[in-house]
Amino acid sequence: MIRSLTLLIPCLFLFACNSESQVDKATREGILLLGNSSDPKSFDPQIVSGVLESNILRSLFEGVVQFDQKDDLEAPPGAALEVIPDETFTVWTVKLRPDAKWSDGVPVTAEDFAFSYERFLTPELGAKYAEMLYFLKGAEAFNKGETDDFSTVGIDVIDPLTFKITLRGPTTFFKQLLKHYTWYPVPKHAVLKHGTISQMGNPWSKPENLVGNGPFRIKSYRRTDHIEVERNPYYWDAENVILNGIRFIPIGNPYTEARMFRDGQLHVTYTAAPDVVDLMEKENPSMLRKEPYFGTDFYRFNTTRKPFDDVRVRRALSLAIDRQSLCDNVYRGYTPAYGISVPVGGYDPPKGIVRYDPEEARKLLAEAGYPGGEGFPRVKILTSSREATQPTAVQALWREALGIEVEIEFKEWTAYLAATQNLEYDIVGAGWIGDFIDPLTFLEIWSAGNGNNNTGWSSEEFAGYLEKSFAATDPAKRFEFLRSAERVVLEEVPIAPIAWRAKNYLIHPSVKGWDPVLLDCHPYTSVSLVPQKSDK
Amino acid sequence: MLKLLASRFLQGLLTLFVLITLTFFLVRAMPGSPYTEEKAIPEHALARMKAYTGMDKPLPVQYAKYLQNLVVDQDLGDLIRKPGVEVSEVIRDSFPVSMFLGLASMGIALVVGIPAGVIAAVKKNSPTDFACLAFAMVGICLPSFVIGPLLAVFAGLQFESLNVAGWSSPTDWILPAITLGLINAAYLARLSRGGMLDVLSQDYIRTAKAKGVPGQKIIIRHALRGGLIPAVAFIGPAFASMISGSFVIETIFQIPGMGQHFVNAATDREFFLIQGLVLFYGFLIVGANLLADLAQIALNPRLR
C-alpha cells in the first residue's frame, strides 16, 4: 500500500508543475480575480437585489452616471454626457452619448431607458425592487396596477439621445440614486428578441444571450464556479479600460476564500472573517483593508410584545450597551454608532441620544417596573447562525448593567428572516447596507409598511418629517428634516443602533486604483494590475 | 433471479414515490418560503411571483401539478429565486463534477481501504494490524471539515502545483478526493478486516491450509470472496453518496459540484430544486443498492 502511494503522489505532482501562481498569471494577462461570495441569482438588473450581483452588473451595464474611484459623492458621466436638473430638482434632462453602444453594436437610445423603466415597473414582471423607481412621478401607481397607462409615469423621450425624467418631488440627491443598478438600462431590442416586456424568466439575461452597455461583457460562466467577463469592444470608452477582464469567483466560505488568497488564487477577497483579520494584522498588514462601509448593525425590538411596548424598557436596553467595548472586542474595524444613518455628505445623525449610560438605563428600567432587573421576563435575542459572538457580548453587557437575563436563539437565515418579518421575536440582531449615498436609504426603512421595518413601530411625527424632506429643495434644509426624523426614531428606540460597519477584505498589492469607497462600488474602468517582484 | 430483480425494481419505484411525496410536503412545512428576502417583497409583486410558479394554488393542486409535470413531461421545474433556470440544468451542470470527484475518491477508498483491512486481518494483532486500525479510527473520527482544511493548508500552501481550492487546474481534484476517499477508506478497512477475520476462521480455510495451499492463494482465491461481502454492501450506498457530492468538501475546496445545492436549496427554500435533488439522489441510491445486491449475489452463491 505504502509503495503504491509513494509512487502515485510524485506522479500527480509532475502532472502540473508550474511555479507561477494564478494571481501572477492573471496579473500578467490583465485579469482581475475577485472573490464574490455566491452565485448570482440573475444577470438581469431588474430582477436581482443583492450586493454580489451588483458587483457583476457594474461590469456589464452602465447607468447614465457612474461611481467615482475615490469620491462617494461624485457622479461622473456614464452612458450620458450630461444629467441636468431644473431649479426645483424635480425635472431632470438626460443627454445620452452619441457613441454609447450595446455590446452587440446597437446604439443605446433614450427609447431603451424609457423601455427599461416601463419594464421594471410593469406589474406583471413582479420586480421585487421596483420600489427603487418610486421616486419617478406616477411610478408607484403604475407598478401597483392602479393605472395601466405608462404615459402617466414621469419619463418622456424628447429625441433618440435625450429624455426627461419627472420625479414625484424635489430630489437633490437624484444622481446618487442613478448610480444604483435599478436605474441601469436594459436593451429593448434584446429583451424583445427573446420574449416579452413583462415575461418573468425572459431568457434575454441568460449568459449566452446577455447584451449590456458596460465596459465588459460575459466571456464564460460556470454555475457556482466563476463568471468571467472580457472587454466590451463597443464600450464608448473602451480604449481607456485597462483591465482585460474580471473573473468573479463565488466563494461562500470566508476561510476557503482566505486560503485561496494566501495561495495566490485571488486578487481581492469579498470579506475577511474576524480571525483572518487578526492573523493578517500580524502576518501581512499591507494586504489587509479595513474600510468604512455604508452599513449599520442594530437590534430591532418587537414593540408589539411586552415588555418592549414600553419605550422606557427599549431605551434602557439601548443605553446599557457599551458600543465602544463591542467595537474594540467583537467587531473588527467597526465604529460605535450614535445614529442609524452613517454620517455622509454633510449629514450627521443627532448626537447624545444613543450613548452608553448604565446609570440612566437602570433608572429607566426601575421606572418601567423592573428595579435591578427584578421580574424582567426572560426574553430572547433572535440571531441568524451567521452571527454568534455579538449577541453573546450584548447578553453579558445587559446582565452586568441591568441584572437581566436574556437568552439567545439561533435560526438559519430564511427561518430567521421569516420570524423577523412575522414579528415572532423579542429582540433581533440585524444590519442594513445602504442602496445609495444618502441618509434616506437608512431612514425610509422605519416608515409604516416598509418591507424592512419589522418592529411594529410607526410614528406620524416621523412620517411628517420624512414627508417634509421630500418637498425640500434646499439640501441643508432637507438634512434638517431628515435629522428631525432620525431623532424621533432614536428617541423612541424601535431599534438600537450598535455599530457602523467596516468592509474588511484582503487585497493583493498588484491591484491599483481600488480606493476606499463607502458603498464598496469600485468602478472597474479605473482598476489596473501591476506585476510585483515577488508575488506569492 | 429475474423475479428478484423485478421485485427490487418495483420496491425502488415505490421508495421514490414515497420519497418525493414526503419531500414535497416537508419542505413546504419549513418556516419561510423561497420568497423570503432580507427586505420583504411588496404584496403586489409577491402575488405576481407566486402566480408565475403556481404557488398561489392550494397544496394538493400544486402536488398534483408537480407529479403531472414529473411523470408526463419529465420536468423537474424551475428555480424560484433564479427565474428561468431549470432544476435539470443545475443537476446536469453539477453532477459530472461530483461524479468525477466521487469516482476518484472511491478509487482512493478502494485502493487504500480494502488492502489495509485485508492485511490487518491476515496479520491479526500484529503492529501492522494496530497501525491499520489506528488509521481507520482516525479516518472515522476526524470529520472532513477538519481533514479538508488541514490538507489544504499543509499540502496546498506548501506545493506550488497544488491549489488550496478551485476547480480549474488538472490537479484540483487531488486534495478533495483524498479527503473524501480517506474517510471511506477507513470504513472499508474496518469492514473488510471484520469480514476477513470471520472467513479466515472458517473450516474450509483451515482445510485449505491443511492441504498445503500457499497462504497468498488462500487469501485471494478463497477468503476474499466471502470476506469482502460486508464491504461490498457498504460500497453501494457509499458510492451513491460520494458521486452526488458533499457540501463540506465542496465548500472547503470551492468545487462546483452537486453537494452544495442540497444545503443551499434547503436554506434558500428552493422547493423544486430540493425535490429534484432528493429524487435524483434517491434514484442513485436505489440503483446503487440494486447493483450492490447483484454483486453480493455474484459473491455469495447462497443468495442465488
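Labels below follow one simple rule: chain letters A, B, ... track the order of the sequence lines, proteins then strands, and each chain is numbered from 1.
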Asker: Surrounding CG of A:Asp148 (heavy atoms of other residues, nucleotides or ligands, distance under 6.0 Å), is the total greater than 12?
Answerer: no

Asker: Shortest non-hydrogen contact from B:Asn163 to A:Asp263?
Answerer: CA-OD2, 3.3 Å

Asker: Out of B:His261, B:Arg81, B:Arg48, B:Glu37, which one racks up the most heavy-atom pairs below 4.5 Å with chain A?
Answerer: B:Arg48

Asker: I'd like to verify something: which residue of A:Met260, A:Met200, A:Glu424, A:Glu257 has the highest number of heavy-atom pairs under 4.5 Å with chain B?
Answerer: A:Met200

Asker: Within this structure, what is the CZ-CG distance for the pair B:Phe145 and A:Asn253, rounded to the nearest 0.5 Å?
Answerer: 12.0 Å

Asker: Taking B:Gly84's backbone N and O only, do any of them form a donor-acceptor pair with A:Lys206's side chain (distance below 3.5 Å, no angle check)?
Answerer: yes

Asker: What's the separation between atom CD in A:Glu412 and atom CE in B:Met30, rounded to the nearest 0.5 Å?
Answerer: 7.5 Å

Asker: If you count heavy-atom pairs within less than 4.5 Å of chain B, which of A:Pro123, A:Ser42, A:Pro40 leads?
Answerer: A:Pro123

Asker: I'd like to verify something: which residue of B:Asp78, B:Ile255, B:Val90 has the highest number of heavy-atom pairs under 4.5 Å with chain A?
Answerer: B:Val90

Asker: Tell me, for A:Gln199 versus chain B, whether the close heavy atoms (under 4.5 Å) come from the side chain, the backbone, both or neither.
Answerer: neither

Asker: Where on B:Pro149 is there a heavy atom nearer than 4.5 Å to chain A: the side chain, the backbone, both, or neither?
Answerer: both

Asker: More than 12 non-hydrogen atoms from neighbouring residues, nucleotides or ligands closer than 6.0 Å to CD on A:Glu208, yes or no?
Answerer: yes

Asker: In terms of heavy-atom proximity below 4.5 Å to chain B, should A:Ala127 be classed as side chain, backbone, both, or neither?
Answerer: backbone

Asker: May I ask you to name which of A:Asn422, A:Asn202, A:Asn454, A:Asn143 has the most heavy-atom pairs under 4.5 Å with chain B?
Answerer: A:Asn143

Asker: Is there a donor-acceptor contact under 3.5 Å from the side chain of A:Thr256 to the main chain of B:Thr251?
Answerer: yes

Asker: Rounded at 0.5 Å granularity, tell me how far OG1 in A:Thr420 sits from CD in B:Glu38.
Answerer: 9.5 Å

Asker: For residues A:Tyr129 and B:Lys39, determine if any side-chain heavy atom of one lies less than 4.5 Å from a side-chain heavy atom of the other.
Answerer: yes

Asker: Given the options A:Gly126, A:Ala430, A:Gly449, which has more heavy-atom pairs under 4.5 Å with chain B than any of the others?
Answerer: A:Gly126

Asker: For B:Glu43, look at atom CD and say whether over 12 heavy atoms of other residues, nucleotides or ligands are found less than 6.0 Å away.
Answerer: no

Asker: Heavy-atom cut-off 4.5 Å, strictly under: side chain, backbone, both or neither for A:Glu131 against chain B?
Answerer: side chain

Asker: Would you compute the distance between atom CE of B:Met258 and atom OG1 of A:Thr224 and round it to the nearest 0.5 angstrom?
Answerer: 12.0 Å

Asker: Can you measure from OG (B:Ser168) to CZ (A:Arg222) and round to the nearest 0.5 angstrom?
Answerer: 9.5 Å

Asker: Check whether A:Ser49 gets within reach of chain B through its side chain, its backbone, both or neither, counting any heavy atom under 4.5 Å.
Answerer: side chain

Asker: Verify the neighbour count for atom CZ of B:Arg190: are there more than 12 heavy atoms of other residues, nucleotides or ligands below 6.0 Å?
Answerer: no

Asker: Verify the neighbour count for atom OH of B:Tyr281: are there more than 12 heavy atoms of other residues, nucleotides or ligands below 6.0 Å?
Answerer: yes

Asker: Below 4.5 Å from any heavy atom of chain B, which atoms of A:Thr414 appear? Answer side chain, backbone, both or neither.
Answerer: both

Asker: Any side-chain heavy-atom pair from A:Arg223 and B:Val85 closer than 4.5 angstrom?
Answerer: yes

Asker: Is any side-chain heavy atom of B:Trp167 less than 4.5 Å from a side-chain heavy atom of A:Asp225?
Answerer: yes

Asker: Less than 4.5 Å to any heavy atom of chain B: does that hold for the side chain of A:Asn450, its backbone, both, or neither?
Answerer: side chain

Asker: Give a yes or no answer on whether the side chain of B:Gln254 reaches the backbone of A:Pro250 with a donor-acceptor pair at less than 3.5 Å.
Answerer: yes

Asker: Step by step, work out the side chain to side chain contact (heavy atoms under 4.5 Å, CB included) result for A:Arg259 and B:Ile252.
Answerer: CA-CA 10 Å; A:Arg259 278 197 294 274; B:Ile252 293 170; 3.4 Å; yes

Asker: For A:Ala418 and B:Pro31, which heavy atoms make the closest approach, and how far apart are they?
Answerer: CB-C, 4.3 Å

Asker: What distance do B:Ser169 atom OG and A:Gln265 atom CD have between them, rounded to the nearest 0.5 Å?
Answerer: 8.5 Å

Asker: May I have the step-by-step check of side chain to side chain contact (heavy atoms under 4.5 Å, CB included) for B:Lys82 and A:Asp39, ending in yes or no?
Answerer: CA-CA 10 Å; B:Lys82 298 182 180 177; A:Asp39 210 41; 3.6 Å; yes

Asker: Quick check on A:Leu417 against chain B: is it the side chain, the backbone, both or neither that has a heavy atom closer than 4.5 Å?
Answerer: both

Asker: A:Pro203 versus chain B, heavy atoms under 4.5 Å apart: side chain, backbone, both or neither?
Answerer: neither

